[in-house]
Amino acid sequence: MSNYGNIVRGVRERDMQSQMMFYDFFIRSVYRSAYSIVENEHEAEEIAQDTMLKVLDRTDLLHDDAGAMERIMKRMAANAAIDVTRRRKNLILSSDEIPDAEEAEGSEDDDGYDFSIEEIKEGIALLPDIYRSILHLRLFEDVSFAEVADLLNINCSTVRVQYTRGIAKLRSVLLKKKNYA
């Protein structure tokens with residue numbers, strides 16, 4: 001049995017040392033997942049702590065595969081972060097904000113620039129909450145449009161439109177930064 005397997009067995013038996021090892025094993029990635037959405041250290045720490053406590057308290061949530069467990073906890077943290085963001089901003093999308101399908105598809109013209117992951121992350125951080133959440137989930141968490149729609153409690157078509165708008169705004173932000181550099 002792997003070291004991770006021994007840790008999980010200990011957590012199921014409520015062994016405090018195993019719980020601390022489990023915590024240390026996952027806390028950074030869970031925190032990063034929450035922080036990338038809320039962009040507030042204190043809120044991200046609280047979300048990460050709550051996520052870890054949920055899993056440690058409810059051992060039925062434990063998974064024997066470390067990768068699967070990490071994905072589950074990152075998803076839990078992302079969901080909690082989205083809830084915090086939604087409460088903070090009381091995000092309401094009205095139907096008049098949704099463009100026609102033809103407008104939403106837009107053109108995928110090549111701007112001739114290659115951007116690093118860091119530049120993209122910095123650009124996403126400058127976007128409004130809804131674009132930031134959707135782009136982060138789609139680009140970095142690899143969440144499908146349908147799953148994003150479920151997480152945000154909005155239509156899948158709205159997610160696609162907001163994603164397209166977000167990409168356009170991100171491209172604009174990155175090009176402005178590139179031109180001023």
Side-chain angles (χ1 to χ4, degrees), residues 26 29-41 43-44 46-48 50-51 54 61 63 65 67-181:
F26 291 111
S29 62
V30 173
Y31 170 81
R32 281 192 308 268
S33 183
Y35 183 81
S36 65
I37 295 173
V38 295
E39 293 187 339
N40 179 300
E41 289 179 26
E43 287 178 340
E46 187 172 324
I47 291 167
D50 289 345
T51 301
K54 262 185 214 172
L61 295 175
H63 201 284
D65 176 33
M69 188 74 244
E70 182 175 26
R71 285 188 299 276
I72 290 167
M73 290 195 315
K74 286 172 72 173
R75 177 67 52 88
M76 289 170 68
N79 289 345
I82 289 168
D83 289 343
V84 166
T85 301
R86 188 180 299 132
R87 280 192 302 265
R88 188 183 337 139
K89 294 290 183 177
N90 287 331
L91 176 66
I92 299 173
L93 294 175
S94 64
S95 60
D96 61 349
E97 290 181 0
I98 302 172
D100 296 336
E102 296 163 8
E103 182 184 334
E105 290 176 11
S107 65
E108 290 294 322
D109 55 331
D110 185 12
D111 50 36
Y113 290 103
D114 290 323
F115 300 104
S116 71
I117 297 295
E118 285 306 311
E119 288 173 317
I120 292 171
K121 286 181 178 180
E122 289 171 8
I124 288 174
L126 300 173
L127 298 177
D129 285 343
I130 186 65
Y131 298 135
R132 187 172 57 240
S133 296
I134 291 172
L135 290 179
H136 173 77
L137 290 168
R138 287 286 300 147
L139 298 175
F140 300 114
E141 299 291 329
D142 199 28
V143 177
S144 71
F145 285 114
E147 290 173 314
V148 173
D150 286 342
L151 290 171
L152 299 176
N153 290 331
I154 55 179
N155 281 330
C156 190
S157 60
T158 303
V159 171
R160 291 178 190 273
V161 168
Q162 296 297 332
Y163 175 77
T164 302
R165 286 181 175 177
I167 290 292
K169 284 189 179 280
L170 176 61
R171 179 178 289 132
S172 173
V173 166
L174 293 174
L175 287 173
K176 283 180 185 174
K177 288 180 92 176
K178 203 61 134 178
N179 290 334
Y180 288 120

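No hydrogens, no waters, no symmetry mates; every other heavy atom, side chains included, goes into these values.
Taking CZ of Arg160 as the start and CG of Asn155 as the end, the distance is 11.5 Å to the nearest 0.5 Å. Rounding to the nearest 0.5 Å gives a distance of 9.0 Å between NZ of Lys54 and CG of Leu61. Rounded to the nearest 0.5 angstrom, Thr158 OG1 and Asn153 CG are separated by 12.0 Å. In this structure, the separation between CG on Leu135 and CG on Leu127 is 6.0 Å, given to the nearest 0.5 Å. How far OG of Ser33 is from CD of Glu70: 9.5 Å, rounded to the nearest 0.5 Å. Note: Ser36 OG to Glu141 CD = 5.5 Å, rounded to the nearest 0.5 Å.
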Using side-chain contact (heavy atoms from CB on, under 4.5 Å), reason through Leu152 and Ile130 one step at a time and then give a plain yes or no.
CA-CA 9 Å; Leu152 299 176; Ile130 186 65; 4.0 Å; yes

Evaluate the side-chain contact (heavy atoms from CB on, under 4.5 Å) criterion for residues Arg171 and Leu175: first the C-alpha distance (whole Å), next the side-chain angles of each, then the deciding distance (0.1 Å), finally the verdict.
CA-CA 6 Å; Arg171 179 178 289 132; Leu175 287 173; 3.8 Å; yes

Using the rule given for side-chain contact (heavy atoms from CB on, under 4.5 Å), can you reason through Val143 versus Arg138, listing the C-alpha separation, both sets of side-chain angles and the distance that settles it, and then say yes or no?
CA-CA 5 Å; Val143 177; Arg138 287 286 300 147; 5.6 Å; no

As a quick check of understanding, evaluate side-chain contact (heavy atoms from CB on, under 4.5 Å) for Met69 and Met73, giving each step before the final call.
CA-CA 6 Å; Met69 188 74 244; Met73 290 195 315; 3.5 Å; yes

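In terms of modelled atom types and a separation under 3.5 Å, the side chain of Thr51 and the main chain of Ile47 share a donor-acceptor contact. Between the Ser172 side chain and the Ala168 main chain, no donor and acceptor come within less than 3.5 Å of each other.
The shortest non-hydrogen separation linking Ile37 to Ser133 is CG2-OG, 4.1 Å. The minimum heavy-atom distance between Lys74 and Ser29, with the atom names listed, is CG-O, 3.9 Å. Closest approach of Glu39 to Arg132, counting heavy atoms only: OE2-CD, 3.3 Å. Taking both residues in full, the closest heavy atoms of Ala146 and Cys156 are given as N-SG, 3.8 Å, listed atom of the first, atom of the second, then distance.
With Ile124 as the partner, the side chain to side chain contact (heavy atoms under 4.5 Å, CB included) test is satisfied by one option alone out of Leu170, Leu174, Val173: Leu170.
Every residue two or more places apart in sequence or in another chain that forms a salt bridge (Lys or Arg N to Asp or Glu O under 4.0 Å) with Glu147 is listed here: Arg75. For Glu46, the salt bridge (Lys or Arg N to Asp or Glu O under 4.0 Å) test picks out no residue, with sequence neighbours left out. The salt bridge (Lys or Arg N to Asp or Glu O under 4.0 Å) check on Glu119 picks up Lys178, with sequence neighbours excluded. Residues meeting the ring pair (Phe, Tyr, Trp, His ring centres under 6.0 Å) test with Tyr31, sequence neighbours left out: Tyr35.
Listed by first then second residue, pairs satisfying ring pair (Phe, Tyr, Trp, His ring centres under 6.0 Å) with a partner in residues 116-138 read His136-Phe140, not counting sequence neighbours. Here ring pair (Phe, Tyr, Trp, His ring centres under 6.0 Å) pairs that include residues 153-176, with residues two or more places apart or in two chains, are Phe145-Tyr163.
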